[in-house]
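In listed order, ligands and their atoms are each counted from 1.
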Amino acid sequence: MSSTKQTPVPLSTAMVGTAPIDEETLMLPQMATLTEEQQMLRDALEGAIDRVSPVGRVQELDNAKTFDTALHAALAELGIMGIGIPEEQGGSGGGAVEQVIVLEVLGRKATSMAVFMVVHFMATRILRENGTPEQMAAHLAPLLRGETKASFCLTEASGGTDILSAMKTRARRDGDDWIINGNKMWISGASTSDMLIVLARTGEHRSRGLSMFVVPARAEGVTATEVATMAINGYDTNSLALDEVRVPGDALLGQLDNGFPQVIATLNGERMNAAAVAVGIGRGAVEVTRDYAMERTAFDRPIGQFQSVQHQLSIAGIGIESAWLMVLEAARKDDAGEATDVLSSMAKWSSARAAVHCADVGMEIFAGAGFDSDLPIQRYYRDVRLYSFAPLNQNMALNMIAERWLGFPRSF
Ligand SMILES: Cc1cc2nc3c(=O)[nH]c(=O)nc-3n(C[C@H](O)[C@H](O)[C@H](O)COP(=O)(O)OP(=O)(O)OC[C@H]3O[C@@H](n4cnc5c(N)ncnc54)[C@H](O)[C@@H]3O)c2cc1C
C-alpha cells in the first residue's frame with residue numbers, strides 16, 4: 001500500500017497497552033501530493049531503511065556514535081547518491097524535489113545519515129557546477145557511486161554566520177602548486193571523508209578573494225580531530241587543521257577568487273535540504289509520540305484520549321505539514337529554474353521552528369520515558385537543534401526575508 005494512503009488506527013481499535021513503539025511506528029498520511037514516481041522513490045527508500053536500519057539499530061548506532069556503513073551502502077545501491085545529477089553525468093537524475101523527498105525520509109528515520117546526505121548533495125552540486133571534466137571524473141564519479149565521501153569545509157572557529165570576516169584560512173601559490181594553511185571548525189565527516197572541499201582566502205577582496213580547493217583528506221598536513229558533540233551522533237563532527245598542505249594547481253575548483261559566489265549559488269539548495277531534514281525530524285517526533293500516547297495510560301485511559309494531548313500533537317502536525325508544503329514548493333521552483341532565495345529562507349525558518357516545536361511537544365508527552373536513551377524521541381529532541389542555526393540561522397533567514405521580500409534595508 002502506498003504510504004500516502006495509510007490511515008491512522010483509530011484510538012478505539014489501537015493495541016492500547018501493547019502497541020510497539022520501537023520497531024513499527026505508524027506513518028502518518030502526508031498532506032502534500034507527490035507524483036507516482038516520487039511516491040515510489042519514497043516507498044523504496046523507506047523499505048530499504050526499515051530493512052537495513054530499523055529504528056532500534058539506528059538508536060544503537062547513535063548511542064555508540066557510529067556511522068551506519070550498511071545504510072550508506074544500501075543508499076548507494078538504490079542510486080540515492082546520484083540524485084540531482086543527470087544520468088549522462090553519471091548521476092541518477094531527479095532534482096531538488098527528489099532530494100528533499102529523500103532527506104525528509106532520512107530525517108525521520110535515520111537523522112545522522114540525513115545530515116551526511118545534505119553534505120553529500122552539496123558536494124556533488126558544487127563539483128558538478130564548478131568542476132572541470134577531469135575533476136568530475138576524478139572526484140564526482142566515485143562520490144556518485146558511493147565509493148567515496150566528501151566534506152564541505154567553510155566554517156571557522158571565530159564565526160560561521162559572518163564567515164567573510166572570520167575566514168583566516170589562506171592558500172598561496174608555490175610554483176604550480178597551492179599551499180593551504182588554516183583551521184576549520186564543526187566540519188561534518190572530516191575524520192571519515194576521502195576528500196575535502198576547502199574554502200580559503202586567495203585575495204584581499206572581502207567576498208571576491210576566496211577560492212575553493214579539492215584537498216585529499218589524508219594529505220600531509222591535514223589533521224581532523226573529532227569534537228565531542230551532543231547530537232547527530234552517527235556522523236562525526238570535527239575541527240580541521242591545515243598545516244602547509246600542498247595541493248597541485250588543478251586542485252583549484254572553479255574560478256580563482258570566485259569561490260564565495262560559487263558557494264552561495266548552492267546555498268539555497270542546502271537551505272531547502274536542511275529544511276527537509278527538519279521536517280523529517282518533526283514528523284518523526286509526532287509519529288512516535290502519537291504511538292506512545294496510544295499506549296501509555298493514566299487515570300485508566302490512554303493519555304492520547306486527553307484532549308490537550310490530542311491538540312498539542314495536532315498543532316505540532318499542522319506546523320510540520322505547512323512547512324513541508326513550503327519546502328516542496330521551493331524545491332519545485334528550484335527545479336523550474338526560478339529564484340528561491342526568499343521561499344527557501346521561509347521554508348527553512350518554518351520547518352526548523354515547527355520541528356523544534358514537535359520535538360518539544362514529544363518530550364513533554366513522553367515525560368519520564370523521554371529520557372530513555374533507547375527511545376528515539378530524545379534523539380529527535382537533540383538532533384533537531386542543528387538545523388535551527390545551520391546552514392543559515394533563524395535570524396539570518398528573517399533578515400533575508402525582511403530585505404528581499406519586505407524590501408527593508410539590510411539590517412546587518
Ligand atoms: C553538528 C554540526 C555540523 C556542522 N557541519 C558543518 C560543515 O560540514 N561544514 C561547515 O562549513 N560548517 C558546519 N557547521 C557549522 C555551522 O554551519 C555553523 O555553526 C553555523 O553557520 C553558525 O555559525 P556559528 O556557530 O559560528 O554561529 P555564529 O556565527 O557565532 O552566530 C551565533 C548566533 O548569533 C546570531 N546572529 C549572528 N549574526 C546575526 C545577524 N546578522 N542578525 C541576527 N542574529 C545574528 C544568531 O542567533 C546565531 O545563531 C556545523 C555545525 C554543527 C554544530
Side-chain angles (χ1 to χ4, degrees), residues 62 65 67 107 111-126 143 149-169 182-201 210 212-213 215 217 222 224-242 253 259-260 262-264 266-267 269-271 273-275 277-278 281 345 348-349 352-353 356 379 381-404 408-412:
D62 193 81
K65 299 206 166 219
F67 185 75
T111 312
S112 291
M113 190 59 76
V115 177
F116 168 84
M117 287 304 301
V118 170
V119 176
H120 175 87
F121 285 146
M122 174 103 183
T124 55
R125 185 165 180 171
I126 286 176
L143 274 178
K149 304 190 192 82
S151 287
F152 175 68
C153 314
L154 175 66
T155 305
E156 303 203 356
S158 50
T161 310
D162 186 11
I163 187 63
L164 288 175
S165 302
M167 175 84 64
K168 305 282 186 304
T169 299
N183 293 282
K184 298 287 176 180
M185 192 60 199
W186 308 118
I187 304 304
S188 298
S191 291
T192 46
S193 286
D194 303 278
M195 58 168 283
L196 313 170
I197 296 175
V198 176
L199 264 285
R201 205 158 262 299
L210 269 59
M212 280 192 287
F213 296 90
V215 178
V222 175
T225 307
E226 202 167 336
V227 180
T229 54
M230 50 77 85
I232 317 294
N233 288 343
Y235 188 31
D236 52 292
T237 308
N238 306 270
S239 64
L240 182 73
L242 301 151
L253 183 58
F260 194 65
Q262 286 162 348
V263 164
I264 289 290
T266 64
L267 284 184
E270 197 195 13
R271 210 169 289 159
N273 284 350
V277 177
I281 296 173
S345 297
K348 195 269 156 188
W349 187 91
R353 184 174 155 116
V356 166
R379 176 165 49 80
Y381 185 70
R382 290 182 287 108
D383 285 349
V384 78
R385 297 310 314 175
L386 176 61
Y387 289 133
S388 63
F389 61 82
L392 178 81
N393 72 61
Q394 293 294 80
N395 290 346
M396 286 301 279
L398 294 178
N399 288 344
M400 177 165 285
I401 292 161
E403 185 185 335
R404 301 205 185 162
F408 281 118
R410 180 172 283 199
S411 63
F412 58 95

Report the residues that fulfil side-chain contact (heavy atoms from CB on, under 4.5 Å) with A157, sequence neighbours left out, ordered by chain and then residue number.
M185

Once side chain to side chain donor-acceptor pair (under 3.5 Å) is applied, do any residues pair with R379, and if so which ones, sequence neighbours excluded?
Q59

Using the test salt bridge (charged side-chain N to carboxylate O under 4.0 Å, His left out), find all partners of D62 that sit at least two apart in sequence or belong to another chain.
R382

If you look at each N/O of ligand 1, which protein N/O atoms lie under 3.5 Å away, and at what distance?
{"from": "ligand 1", "atom 1": "5 (N)", "to": "W186", "atom 2": "O", "distance (Å)": "2.8"}
{"from": "ligand 1", "atom 1": "5 (N)", "to": "S188", "atom 2": "OG", "distance (Å)": "2.8"}
{"from": "ligand 1", "atom 1": "8 (O)", "to": "S188", "atom 2": "N", "distance (Å)": "3.0"}
{"from": "ligand 1", "atom 1": "8 (O)", "to": "S188", "atom 2": "OG", "distance (Å)": "3.3"}
{"from": "ligand 1", "atom 1": "9 (N)", "to": "F152", "atom 2": "O", "distance (Å)": "2.8"}
{"from": "ligand 1", "atom 1": "11 (O)", "to": "L154", "atom 2": "N", "distance (Å)": "3.0"}
{"from": "ligand 1", "atom 1": "11 (O)", "to": "T155", "atom 2": "N", "distance (Å)": "2.9"}
{"from": "ligand 1", "atom 1": "11 (O)", "to": "T155", "atom 2": "OG1", "distance (Å)": "3.1"}
{"from": "ligand 1", "atom 1": "12 (N)", "to": "T155", "atom 2": "OG1", "distance (Å)": "2.7"}
{"from": "ligand 1", "atom 1": "14 (N)", "to": "W186", "atom 2": "O", "distance (Å)": "3.2"}
{"from": "ligand 1", "atom 1": "23 (O)", "to": "G160", "atom 2": "N", "distance (Å)": "3.4"}
{"from": "ligand 1", "atom 1": "26 (O)", "to": "G160", "atom 2": "N", "distance (Å)": "2.7"}
{"from": "ligand 1", "atom 1": "29 (O)", "to": "G160", "atom 2": "N", "distance (Å)": "3.4"}
{"from": "ligand 1", "atom 1": "29 (O)", "to": "T161", "atom 2": "N", "distance (Å)": "2.9"}
{"from": "ligand 1", "atom 1": "29 (O)", "to": "T161", "atom 2": "OG1", "distance (Å)": "2.6"}
{"from": "ligand 1", "atom 1": "31 (O)", "to": "T161", "atom 2": "OG1", "distance (Å)": "3.4"}
{"from": "ligand 1", "atom 1": "42 (N)", "to": "N399", "atom 2": "ND2", "distance (Å)": "3.2"}
{"from": "ligand 1", "atom 1": "44 (N)", "to": "N395", "atom 2": "ND2", "distance (Å)": "3.0"}
{"from": "ligand 1", "atom 1": "47 (O)", "to": "N395", "atom 2": "ND2", "distance (Å)": "3.3"}

For L240, the option from V215, T155, N183, L196 that meets side-chain contact (heavy atoms from CB on, under 4.5 Å):
L196

Between N395 and N393, is there a side-chain donor-acceptor contact under 3.5 Å, judged purely by atom types and distance?
no

Considering only heavy atoms from C-beta outward, does the side chain of F412 approach that of T161 to under 4.5 Å?
no

